[in-house]
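Residue numbering restarts at 1 for every chain, and letters A, B, ... go by the order of the sequence lines.
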Number of protein chains: 2
Amino acid sequence: MTNIRKVAELAGVSVATVSRTLRTPDVVSPGTRDKVLAAVEQADYRPNLTAVQFRSQRTRNLVVLVPIIANTFFARVIGGIQEAAQRRGYGILLCNTLGDERTERAYAGLVSTRQADGLIQLRAYDPFTTSSGQARPPMVNACEVLDAAPCPTVKLDNRAAARAVTEHLLALGHRRIGMIKGPRNSPLTRDRLLGFQDALAAAGLMPDESLWCPGDFTPPSGHRAAGELLSRADPPTAIFCESDEMAMGAMRRIKEAGLRVPEDISVAGFDDIAFASFCDPPLTTIAQPAEDFGREAVALLLDIIDERGDAAYEHRIMPFELVIRESTGPAA
Amino acid sequence: MTNIRKVAELAGVSVATVSRTLRTPDVVSPGTRDKVLAAVEQADYRPNLTAVQFRSQRTRNLVVLVPIIANTFFARVIGGIQEAAQRRGYGILLCNTLGDERTERAYAGLVSTRQADGLIQLRAYDPFTTSSGQARPPMVNACEVLDAAPCPTVKLDNRAAARAVTEHLLALGHRRIGMIKGPRNSPLTRDRLLGFQDALAAAGLMPDESLWCPGDFTPPSGHRAAGELLSRADPPTAIFCESDEMAMGAMRRIKEAGLRVPEDISVAGFDDIAFASFCDPPLTTIAQPAEDFGREAVALLLDIIDERGDAAYEHRIMPFELVIRESTGPAA
DNA sequence: CCTTTAGATGTAACCGGTTACATTTAAAGG
DNA sequence: CCTTTAAATGTAACCGGTTACATCTAAAGG
């Protein structure tokens, strides 16, 4: 491997001059600069990044913990993270945690062990064991956010979004509205449920908990949950699903039962994934700026890493948009 | 930051003993071992990974170049890569290249600059400029594979898979079969087209190139392509799409034209993404073992890195399965 | 022509581990 | 009790850059 000493020898200068030519060219005289660059070219020299990282104590890597990369929404968020990180000269170390806390802590260790400069967590869990005295490694929590996050956060106003969907369904005349929720202990689920109840309360309706089914954001779970709702004596006339993936599962189940969407049952989703406008019927849903979640998270994280952030952690609320398509219609 | 010297001091031993206690505990006497481990605990010491990587010239990181992470199929492949890498103690540096060769070469540079030990490329492009004399960095090419790849490869027998789909459509009585292809210059597209033609030829049919439309694997491109096919004077009775995402776009377009799937037009996809069994109607498609592509790629790559591979590069062909659902039916 | 001073370059310490080699310690054998 | 030998531990070089500080060069000013 060609190293800086070989290049220095080739150019007839010291290693310091080679290093300066590459890092701070303006302090090197033009003549020397040309000699060095020619030698770099000739030797096909590239600085050993591990040495640079080691010496400078900066890796320019960010760890990203994602619950399930196969989830279309998270994949988009990661796309945004990757794009923003790359533009700022950072790489991303990806970890598909599948919600396993041991894995999350192991990867978080990459920050503690200085193999990455910071961490983005897309789930409501703090992977850093708070050993007293130790400084907290730079971290940002995005998408599903801890209630008392010890770091900046980026999230949607899930409560308002769920309220908007529900109000849309109420406006269509629906009174028995089923809900296919996310996992029980998720803040996301809780907030969306609150928004759902807000809308019902504003319309003077009592919430009926027997119409709430838990899911896990995947199509099969939506399929199963819809089955449960349909098997009731008095099934709902509309179903609000906390993810488009579950909504697609639910619509399939509804059709299997010989019912039509939206004529017999309206279905609304959440996320506005790429397939939402192509499924049958196209899905009414909440559009989230997935890529922006990622970009924003990177921006906040780099603020901390570069110590541009002063004291208080920022908590960003991203905008949502109710996208009305054809899966919701007037109550029968 | 606590370093190995502090721990050594705390334990009353030399830095070498601390290092040995952590790397090769069996060469350290039990008594010393306990002392050192206690000191490690007390100081909350974790070795600086950048120093370890620098010294050992091994990073235990792999670069993964993925064309579009938002593509459901690739997301699954990455899931497999991540899982296999993690199990073997490797991290992954992810790059969403969007097909940009400059980006790909930049990330490939992470291997040349020793920030990663190897690279997995999911697209048919060799990011390493072959500077003569230089040893090729370890690389594996998976999914979409170069014809004369200078490395191990993992792929599907796309030709046979496409032939299987086409034979299924022919068996249903279809004679005018449209095809929504992938990008023009992709080996994937070419091989699937060959398989398509194989089946037609075996059935004694002449291929009709006017029924082939290019797409880019996304739902909107399938939607557009289907529109073109439907606008012909004599539209096809079946459409074979090179991806499920395009198939979903195509089905939407067909319904928008007031036609039914499969009664009026059959549609087949490729990939068997999670939504394939939940769209309407459930999609006939080719199931690919996406996660296995990733696992296999990691295994082959680590073989090279650990120099277990002898001379010849292995070229793995992964199995496919024709999954017949409800989007294909007898020709009208 | 000498002194001052800014700019260019060189020297070498340093980052935090790993490990070859040297040295010390302890156990075994005579 | 002394010698031999293996096991345990210590010393210090090394990985490849960066950069503080020292030194040298040359232009400017007196």
Exercise. Taking atom types as modelled, is there a side-chain donor on A/Thr153 or A/Asn141 under 3.5 Å from an acceptor on the other?
Worked result: no
Problem set entry | For atom CD of B/Glu9 and atom C1' of D/dG10, their distance in whole Å | 16 Å
For this session: Compare side-chain N and O positions of A/Thr32 against OP1 and OP2 of C/dA8 and report whether any pair is under 4.0 Å apart.
Result: no
Exercise. In Å and rounded to the nearest 0.5 Å, what is the CD1 to CG distance from B/Ile78 to B/Leu122?
Worked result: 6.5 Å
For this session: Classify every nucleotide of nucleotides 18-24 of chain D by which part a protein heavy atom approaches to under 4.0 Å, writing B for the base, S for the sugar-phosphate alone and - for neither, in 5'-to-3' order.
Result: BBB----
Exercise. How long is the span from the CD1 atom in B/Ile92 to the CG atom in B/Asn61, to the nearest 0.5 Å?
Worked result: 10.0 Å
For this session: Check every atom of C/dG16, D/dG17, C/dG10 against the side chain of A/Val13 and return the nucleotide holding the closest atom.
Result: C/dG10
Seminar exercise, completed: Result for side chain to side chain donor-acceptor pair (under 3.5 Å) between B/Gln86 and one of B/Gln82, B/Glu83, B/Arg88 points to B/Gln82
Exercise. In whole angstrom, what separates A/Leu49's CG from D/dC15's P?
Worked result: 19 Å
For this session: With DNA chain D as reference, determine whether A/Phe54 or B/Ser29 sits nearer its 5' end, using the nearest nucleotide of each.
Result: B/Ser29
Problem set entry | Side-chain donor-acceptor contact under 3.5 Å, A/Gln115 with B/Thr50 | no
For this session: Calculate the interatomic distance between A/Arg33 atom CZ and C/dG7 atom C1'; express it in whole Å.
Result: 13 Å
For this session: Please state how far atom NZ in A/Lys35 lies from atom P in C/dA8, giving the value in whole angstrom units.
Result: 14 Å
Problem set entry | Gap between atoms CD and P, on A/Gln53 and C/dG17 respectively (whole Å) | 15 Å
Problem set entry | Distance-only donor-acceptor check, side chains B/Arg105 and B/Tyr125, under 3.5 Å | yes
For this session: Would you tell me if any nitrogen or oxygen in the side chain of A/Gln57 comes within less than 4.0 Å of OP1 or OP2 on C/dG16?
Result: yes
